[in-house]
Each structure stands twice: as C-alpha cells, then as structure tokens.
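Notes follow once the structure below has been shown.
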Amino acid sequence: MRLQLALLSSALLLPGCSRSSAPKPPAPTAYGIQIAEVSGGKQVAAVGSALPQPVVMQVNGADGNPVAGALVSFRGEGVDFNPAQALSDASGQATAAVRLGSAPGDYQIVAETPKSGGGSAAVTLRETALGYEQKLGSEVNDKYCNRCHDNESTPERVSNFDNLSPAPHLYTDGATYNRISDADLLNIIARGGPALGKSPQMPAYGSTLKPAEIKALISYIRAMADPPYQTPGVKYGK
Amino acid sequence: MVVGPSLEELLNSNDQPGPLRSRPSGRELAIFGAVSLVLVVSLAIAPAKNYFSDWRHLQKAYLKLANDRQGGTLVRNFHGGIRQTWIPSLGVVDRCETCHVNQNGALLGSAGQPFRKHPPIPHDLGQFGCVLCHRGQGAATSVEEAHHTTEAWEQPLLPARYLDSSCGQCHLGALPGAPRLNEGRRLLSAMGCVHCHVVAQPDGNVMKPDDNPPPLVHIAEKTSREWIFAWIKNPQAYAASATMPNFQLSDQDAADISAFLIAQSTPSAAVKNAPPTAPSAQPAATANPTEAATLYGSLFCSSCHAVQNAAGNLVGGNFGPELTRVGSKANPDWLRRWLKDPGQYEPDTRMPHYRFDEKQITMLSGFLLAKKDDDLLSKVHLPAANADSVVRGKKLVTESGCAACHQINGVNPPQNFAPDLSRVGSRALSQIVFVPGMKHNVHDYITAKIHDPRSFGPALKMPKFNVTDEQIVALTTALLAQTDRANGLPHELLLSAERKPDYHPGGDAGKLMEDLRCLSCHSINGHGGDMAPDLTREGSSVQRAWLEEFMKNPNTLRPALIRRMPKFNLGPAEIKTISDYILSAYQAPGFDSQTLDAHAMDTDAAARGKQLFYSKYGCQACHIADYKNDKGYVGPALAGVGNRLTPVWMYKWLKDPNALRPGTLMPNLNLKDDEARDLAAFLMTLKAKQNGGAK
C-alpha cells in the first residue's frame with residue numbers, strides 16, 4: 001500500500017517537475033561587458049500578438065567591439081520569446097521574435113548578458129500591446145489624425161505634418177500629452193483647437209466621431225505616449 | 001468498496017457460536033478502528049476538496065489585497081462562494097467571476113491575474129458571459145479545467161491573438177476594432193480560399209471569392225507552354241506577389257498540365273474579329289524607351305499594376321497582375337490586342353478599355369515586353385506534347401481542382417471539392433489528424449494547415465499558399481469565428497454583412513461606363529471599387545464644363561495622391577453621353593436652387609467667408625485655396641473650385657459632409673447657416689486661371 005502511494009505520488013509529481021524545468025541555455029563561448037539595443041524597441045502590436053519586427057541586441061566587450069558567442073537572455077512578464085536565450089552571432093548580435101502578453105498596456109523586456117568577471121549587464125526595452133479600445137482608437141487615428149499627427153509618409157498617405165504651423169504634436173510626444181487631462185483632450189478633439197486656446201487648424205470632430213470613438217482615441221494616445229502616461233492617483237504594487 | 005466485503009468475511013470467519021461476545025478482541029478493534037478511519041477520511045474528501053479549492057484560496061488572496069489597499073467597505077460588501085453568470089438563452093453558465101472577482105475594477109490600482117480589471121469592451125460585462133468570447137469551460141471551478149483542454153472538455157481558452165474571432169460569431173460583416181477578423185475574412189475571399197471551401201455564416205450568407213482568377217480558355221494566345229510550366233511549378237518565381245498557390249508539382253505533372261492547357265485553348269473573339277493583316281507586321285518596339293516609360297507613368301498603370309524596382313520592392317497597386325517579368329510571359333501579338341480592347345479576350349476583366357492609338361500601343365507593348373527575366377524560361381525544355389501527355393494533363397487538372405478557380409474548356413468546376421469550413425472553429429479534436437508533436441487544439445491545427453498543408457500528408461491536395469505569419473493569424477481568426485455556438489445563437493443577435501447591391505448603369509452611357517470599367521475604381525450606389533471617389537451624387541456636385549474638361553484631360557485634384565484617374569482618350573460624343581448621364585442620374589435628394597439665396601452670396605459674404613476659412617476654421621491646414629501661400633495636402637485642392645463645384649453642393653457639404661458622402665474624411669464642423677453660406681461664397685470666387693482645371 002505504501003509502495004503504491006509512493007508510486008502514485010511520484011507519478012503525479014514527475015510531470016509537474018518536468019513542466020517547470022526550462023530548456024537548457026546554450027553554453028556561452030565568450031563574455032561581453034555591455035549590451036545595447038540595435039532595433040526592436042518601442043513597437044506596437046495587438047494583445048497576444050507578435051511584434052512586427054524582432055528585437056535585436058548587441059553585446060560589446062571592454063574594447064567596445066562586438067563579442068560573438070555571448071549568452072543573451074530575454075525576459076518579460078507575460079511575454080514569449082523565440083528563442084528566450086541565444087548566443088550572439090559573428091557581429092555580436094542576438095535576435096529574438098517577441099510575442100506580447102494578453103493584457104493591454106506596456107511591457108518591459110529585459111535583455112541580459114553575463115559579464116566576464118561575474119554579474120551581468122542588462123538593458124530594458126518598452127513595447128506596447130493594444131487592447132480592443134486602443135485598436136479602435138488606432139483605426140480612428142489611421143483615418144482622421146495621422147495625416148497631420150504623424151510625420152512619416154507611406155505610399156498611400158503623404159504626411160501633412162511639415163506643412164503645418166504651428167506643428168501638430170506627434171502622438172508619441174508624451175511630454176506634451178501627459179500634461180493634458182482626459183477631459184481637456186476630449187474637449188480639443190470634440191471642439192477643435194480653439195477650445196483650449198490652441199490652433200484653429202485642429203478641427204472639431206465632435207459631430208463626426210461618436211463619443212466612444214473619441215474615448216477610444218484618447219486611450220490610444222495614452223498608449224502611444226513616450227515617456228509612458230501614468231493614470232492619476234495612488235500607485236499600488238501588483 | 002474493497003473495505004465492505006473484507007469486513008464481512010472477517011465477521012463470518014469468526015468460529016465462535018452463540019451471542020456476540022461482550023469484548024471484541026484487540027485485532028477486531030484494530031480492524032474496526034481502521035475501517036472507521038477510512039470511512040471518516042473518505043467522507044471528508046469532498047468537504048476538504050471544497051475547502052482547499054483553487055477558488056477559495058484565490059478569494060482569500062483577493063480579500064487580503066483589498067484589505068491592504070482600501071480596507072473595510074470593499075471587503076464587507078464582498079460576497080464569497082461560487083459566483084456565476086447564467087444566461088439560459090445563450091447556454092451560458094460561467095463561473096469565471098468566482099476567481100476573477102475584480103473584473104469591474106472595484107479594487108484600487110492595478111493587479112495581476114486573476115484580479116486584473118477587464119479592459120474596456122463595447123458590451124457590458126455579463127451581457128454575454130465570458131466563454132462566448134474567451135472559450136474555455138465556463139462551468140468549471142478549478143483553474144486547470146476552466147482554462148485547458150481536459151479529457152471531458154476540448155476547447156481551451158482562446159489565445160489573445162485570436163480574440164477578434166469571437167466578435168465574428170455575431171458580427172458577420174466588417175467590424176471596427178477587430179482588424180484581424182476583418183483582414184482574415186478579406187483574405188478568405190481575396191486569396192480565393194472560398195473557391196474550394198464552403199464558408200457559410202450563421203445567417204446563411206456564403207462567402208464569395210474576390211480574386212478574379214483569369215479564365216484559361218484562350219490561354220494559347222496569351223502565353224507559351226514553357227511559361228505555363230514555369231508558372232505552375234512556382235508562381236512566386238514569376239511574380240513575388242502572385243496569389244496562385246504552389247501545388248508542388250513534379251516536372252512530369254507540370255509538363256502534362258501545360259500540354260493540356262495549350263491543347264484545350266480556343267481562339268478568342270479578339271482573334272476571330274482581328275483584321276486579316278497580322279499586327280506583328282508592325283515594328284515592335286521602335287519607340288524611345290524613356291518616352292514609353294513616361295507614357296506608362298502618365299497613364300497611371302501603376303495605380304493597379306506593380307513592378308519590382310531595383311531594390312526588390314514592389315511599387316504600384318495590387319488590383320491587376322504584377323508586371324515585373326511580363327515580357328517573359330506575354331505573346332507580343334496578344335499584348336497588342338489586349339491593350340487595344342481587353343474585353344475581347346476576357347469579357348469579365350477589370351481592366352478598362354482605353355482608346356489607345358497605334359503609336360501608344362506600340363510604345364506600351366514595347367515597354368512591357370522589355371520587362372523580361374531570361375533566367376525564368378532558359379532552363380525549361382519541354383518534350384513535344386503528345387496525346388498521352390494531354391490526357392494525363394486533363395486528369396491532373398481535374399484532380400487538382402484547377403477548374404474551381406479557372407475557367408477551362410472541357411473541365412467542369414468541381415462541387416464540394418474541399419472540406420466545408422462553416423463550423424471549423426468547433427471541429428471535434430477526435431476528427432482531426434494531428435501531426436506528431438503538435439498541440440491538440442483547433443487553432444494550432446488551422447495555423448499549421450495553412451502554413452504547410454502537405455506536412456499533414458504528401459498526398460493531400462491543398463496547395464501551399466504564399467502567406468505571411470500575420471496573414472495566417474488573420475485567416476485563423478476568421479475561421480475560428482465559424483463555430484457551432486454561432487449557429488445556435490438567437491437570430492436577433494446576428495448582425496449580417498452589408499451586401500453590395502448589384503448595380504449596372506443603364507442605356508448607352510451604361511454600356512460606355514461598362515466598357516471603361518468605371519466601377520473597377522469608382523463606386524455608385526454601394527457597388528464598385530474603393531480606389532476612386534464615390535460617384536453616387538456626382539451630378540449634384542460638379543459643374544458640366546468642369547466635368548467634360550476633366551474627362552477629356554483628367555488632372556489632379558489631390559496633389560498628394562498616387563493613384564489617379566487615367567486618360568482614356570475619350571471622343572467628344574462619348575464625353576457628352578457620360579456627362580449627360582452623370583448630371584441627370586447621379587443626383588442627391590433634396591437639392592434645388594432655392595436652398596441658397598444667390599443674392600446673399602455677394603462680395604461682402606465672400607470676404608467674411610475668407611476670414612472664416614483662414615482664421616476661425618483654419619481650413620488651409622488641409623486644403624489649398626491659393627497655391628502661393630497654402631500647403632494643406634489632406635483634402636482636395638480648392639484653387640479653381642469655383643469652376644468645379646456647384647454653390648448648393650458646397651453649402652450642403654459644409655453643413656454635413658458625411659450626409660452626402662458617408663465615410664468622408666472631412667469633419668462636420670457644425671457650421672451655422674450663414675457661416676456655410678459665406679464660406680461657399682468665398683469658395684465660388686476661387687476661379688481657375690485657364691481651362692477650368694485646377695493646376
């Protein structure tokens with residue numbers, strides 16, 4: 001009986017153990033002292049989705065030259081990496097495809113490499129996941145706003161940003177938008193720039209957009225802000 | 001159960017006769033004690049399981065968090081125990097809120113799962129429950145059973161990337177805020193998936209293809225057998241943007257199919273009606289290449305056709321086929337006939353019938369034939385086609401289902417060729433053959449199947465489509481919306497897709513407009529393309545002189561636009577026919593000259609309007625009234641608009657643009673009547689310098 005119990009419990013426990021053990025990291029052949037972002041930070045994707053571009057990191061040695069064969073580990077709460085650990089290639093770079101978690105909002109991605117003398121060097125990137133409301137807001141932005149509020153042109157849409165004076169604020173301009181309350185943003189969008197003493201070249205959209213669309217747009221603007229927008233009020237730990 | 005009989009055996013095995021002894025032996029007491037203990041323990045299992053359940057543990061954790069953050073009220077008002085949403089009409093019994101207790105965000109600050117506040121959605125939480133959108137097992141009360149696949153429950157929680165699919169169970173048409181669902185449904189039509197697969201929606205609508213695969217009934221005129229061979233071996237080697245999938249044919253099969261396709265080809269109307277002198281007698285590319293390239297550009301061929309540039313990027317539209325290597329494909333005689341009148345070869349083509357003259361045709365065909373890739377066909381050496389090869393080719397064409405997409409002489413379109421996908425999102429896992437190592441769930445199955453169909457078995461017929469990972473996620477999202485549950489929903493919940501009415505302009509003008517394929521780009525009464533402005537109310541909008549001049553010599557209204565109206569070389573009679581029709585048939589309701597008091601639109605009004613334009617409303621942000629000072633590149637240029645639009649249209653447009661052209665970018669500025677009138681008066685003073693065109 002005791003033997004049976006022992007067998008049973010070990011049978012129950014074993015899969016649990018195997019599930020928690022992570023794949024073995026590749027063994028590094030070299031060590032750097034510093035890690036830096038090459039590309040892939042500040043991207044935007046829908047919740048639970050892969051970022052459009054992979055994250056590329058570079059490991060540098062004491063002489064400032066790239067180091068090949070250094071171990072780079074990626075981590076982030078709720079974020080999937082493929083691969084989660086990689087050795088830097090001949091040009092000192094390690095690349096990972098990133099899939100964001102299922103909650104809308106900002107994700108911090110940490111890329112870390114062990115240093116030769118012990119300890120490790122790390123760099124943190126910010127990525128943004130859009131939930132339903134922000135996606136709706138991004139559709140409003142794509143149709144009405146980004147012709148003026150985005151300074152990048154595409155073949156389908158030529159930016160009007162440079163033609164305007166005063167220049168509109170890019171939605172990534174957190175320093176400006178984070179100081180404007182939701183109520184004031186709503187006013188500017190619904191009643192036009194003059195409602196808050198700003199340029200009349202910002203037209204009133206209150207009779208064009210539905211209140212829910214304006215709310216969604218504000219939520220999108222908040223998601224795009226850099227530095228990130230902080231909701232007013234007391235902050236609590238998770 | 002093992003306990004009972006063994007006890008009886010023990011009692012019966014007692015040899016002592018007579019009444020029960022007053023004192024049981026120590027051994028009996030020990031057995032009795034053990035049995036009682038087993039009984040008590042087994043009776044305690046259920047309450048203990050309940051007491052130590054996941055949800056009790058989580059509710060305690062929540063109360064501790066709530067107590068730490070905001071103390072009494074939230075904790076006092078908390079009702080513990082199993083909490084559920086029960087909606088009998090939808091078959092929903094969801095107990096998710098037993099653990100996800102903070103969905104409405106009563107807790108201050110942010111919290112991790114399972115206490116995260118539900119992000120904003122367009123429906124009330126609780127209106128439809130949880131599993132209708134998130135899938136999983138709603139009635140379960142353990143973490144494992146609620147979220148994952150178990151022996152008794154096949155549907156795990158849906159990964160967030162496919163969440164749009166749940167919206168698609170009720171919203172059967174395009175839905176703002178669900179871009180992936182919309183894109184997936186567009187791809188099902190645009191990639192031609194629904195040629196072979198039936199995808200019926202719960203309201204009975206069956207998805208229609210929207211990819212216009214060319215008919216192959218006259219293909220021998222258009223191209224060579226060698227090109228067909230190279231194309232069907234690997235369509236993307238000819239055109240990177242090709243939607244035709246790769247059937248992974250062997251050389252022998254491709255040679256047989258190409259032999260059959262050439263053999264089944266019959267002469268087109270273009271050849272039957274051709275003049276006796278062979279057109280190839282004319283010199284092919286005598287024109288200056290720069291001049292020809294300029295002509296190609298000025299005709300805006302790139303609005304529809306793409307060409308790969310030196311950097312390998314596609315430049316141009318995807319409405320017509322890519323032309324990067326068209327010189328390796330097109331027969332020169334066919335190309336000339338095609339440019340002269342495409343409808344003669346392919347009656348249903350979306351390409352307009354340009355009125356090119358011989359010189360233009362020579363220049364264009366020379367320019368296009370020079371777009372060659374000699375590597376494409378240099379290695380193709382086919383044995384001469386024989387009768388056996390043709391017979392084998394026909395068999396392969398029939399078996400591969402080519403006729404599901406293409407019109408082919410002697411091969412009927414197959415019926416029910418591929419599995420019906422109308423309920424694929426609920427397909428039972430027992431009906432699916434998974435590849436070893438694959439996760440057993442429907443979404444990973446669909447994804448793997450689209451990614452590489454032949455990995456499920458080399459004999460499967462489904463070809464490999466040229467899709468990106470993001471497109472696969474979109475297609476999977478659209479297919480996951482096709483569930484049993486959607487088909488069982490009350491019908492009043494279903495929101496059908498908007499159906500495009502079949503509209504054909506009538507009379508002589510209608511024939512002319514069909515010939516010019518106006519509806520390939522423009523839409524009228526909800527029917528047609530979305531590349532160019534809607535013409536439903538064009539007749540109320542524009543002045544006749546401008547319209548006639550524009551058709552003769554289309555110029556640019558929107559300086560920043562790449563896609564533009566091409567010049568069709570229309571004759572005066574054709575222009576008059578179309579103008580008459582547009583001005584009489586495409587009228588907005590409620591337009592009459594009484595709407596606006598012409599006397600009130602004097603110079604004073606115009607001066608006030610100019611103030612409003614530049615100062616109060618900042619219209620120059622998007623529009624150009626004066627090319628010297630204004631730079632607005634969003635809306636159409638308004639220099640010369642006084643020759644283009646009617647005053648009544650301007651007035652009504654300024655009052656409510658969306659009423660005249662739904663979906664327009666122009667916001668409704670809530671103008672007062674006199675403001676709109678003054679602005680219209682100002683705009684009417686913006687006359688063009690010459691010939692009525694906005695230069």
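Sequence lines set the chain letters: A, B, ... in the order given, protein chains first and strands last, and positions in each chain run from 1.
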Under 4.5 Å from any heavy atom of chain A - which part of [X]:
X	value
B:Asp164	side chain
B:Pro657	neither
B:Pro119	side chain

Show me, pair by pair, the donor-acceptor contacts under 3.5 angstrom made by side chains of residues 49-57 of chain A, not counting sequence neighbours?
| from | atom 1 | to | atom 2 | distance (Å) |
| --- | --- | --- | --- | --- |
| A:Ser49 | OG | A:Ala46 | O | 3.1 |
| A:Ser49 | OG | A:Val47 | O | 3.4 |
| A:Ser49 | OG | B:Arg180 | NH1 | 2.6 |
| A:Ser49 | OG | B:Arg180 | NH2 | 2.8 |

- Query: With the threshold set at 4.0 Å, does a side-chain nitrogen-carboxylate oxygen contact exist between B:Lys631 and A:Asp162?
  - Reply: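 Result for this pair is no, no salt bridge flagged.
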Report yes or no: does [X] contribute a side-chain atom to a donor-acceptor pair with the main-chain N or O of [Y] at less than 3.5 Å?
X	Y	value
A:Glu139	B:Gly177	yes
A:Lys143	B:Gly663	yes
B:Asn668	A:Tyr205	no

Output the distance between atom [atom1] ([X]) and atom [atom2] ([Y]), rounded to the nearest 0.5 Å.
X	Y	atom1	atom2	result
B:Tyr633	A:Asn160	OH	CG	9.5 Å
A:Thr208	B:Leu669	OG1	CG	7.0 Å
B:Leu163	A:Lys135	CG	NZ	7.5 Å
B:Gln620	A:Leu164	CD	CG	9.0 Å

- Query: Quick one: are A:Ser102 and B:Arg116 in side-chain contact, heavy atoms under 4.5 Å?
  - Reply: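 When only atoms from C-beta onward are counted, B:Arg116 and A:Ser102 do touch, with a gap below 4.5 Å.
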- Message: I want to check something: taking the side chain as every heavy atom from C-beta on, are B:Pro120 and A:Tyr132 in contact at a cut-off of under 4.5 Å?
- Response: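 Result no, sub-4.5 Å side-chain heavy-atom pair not found.
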- Mind running side chain to side chain contact (heavy atoms under 4.5 Å, CB included) on B:Ile121 and A:Glu133 for me, showing each step along the way? CA-CA 7 Å; B:Ile121 50 165; A:Glu133 197 176 36; over 6 Å; no
Hey, is [atom1] on [X] packed in by over 12 heavy atoms from elsewhere, all under 6.0 Å?
X	atom1	result
B:Gln611	CD	no
B:His451	NE2	no
A:Arg157	CZ	yes
B:Lys655	NZ	yes

- Item | Any pair counted as salt bridge (charged side-chain N to carboxylate O under 4.0 Å, His left out), so long as it reaches residues 216-227 of chain A, sequence neighbours left out |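 Residue pairs passing salt bridge (charged side-chain N to carboxylate O under 4.0 Å, His left out), neighbours aside: A:Lys42-A:Asp226, A:Arg126-A:Asp226, A:Asp182-A:Arg222.
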- Looking only at heavy atoms, which two atoms of A:Gly48 and B:Arg161 are closest? And how far apart?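 Answer, listing the atom of A:Gly48 first, then B:Arg161: O-CB, 3.2 Å.
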- Count the heavy-atom pairs under 4.5 Å between each of B:Cys167, B:Pro122, B:Gly109 and chain A, then report the option with the highest count.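 Sorted descending by pairs with chain A, the first entry is B:Pro122.
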- For the candidates A:Ser165, A:Ala103, A:Ala45, A:Ser138, which exhibits the highest count of non-hydrogen atom pairs separated by less than 4.5 Å from chain B?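 Max contact count across the listed options: A:Ala103.
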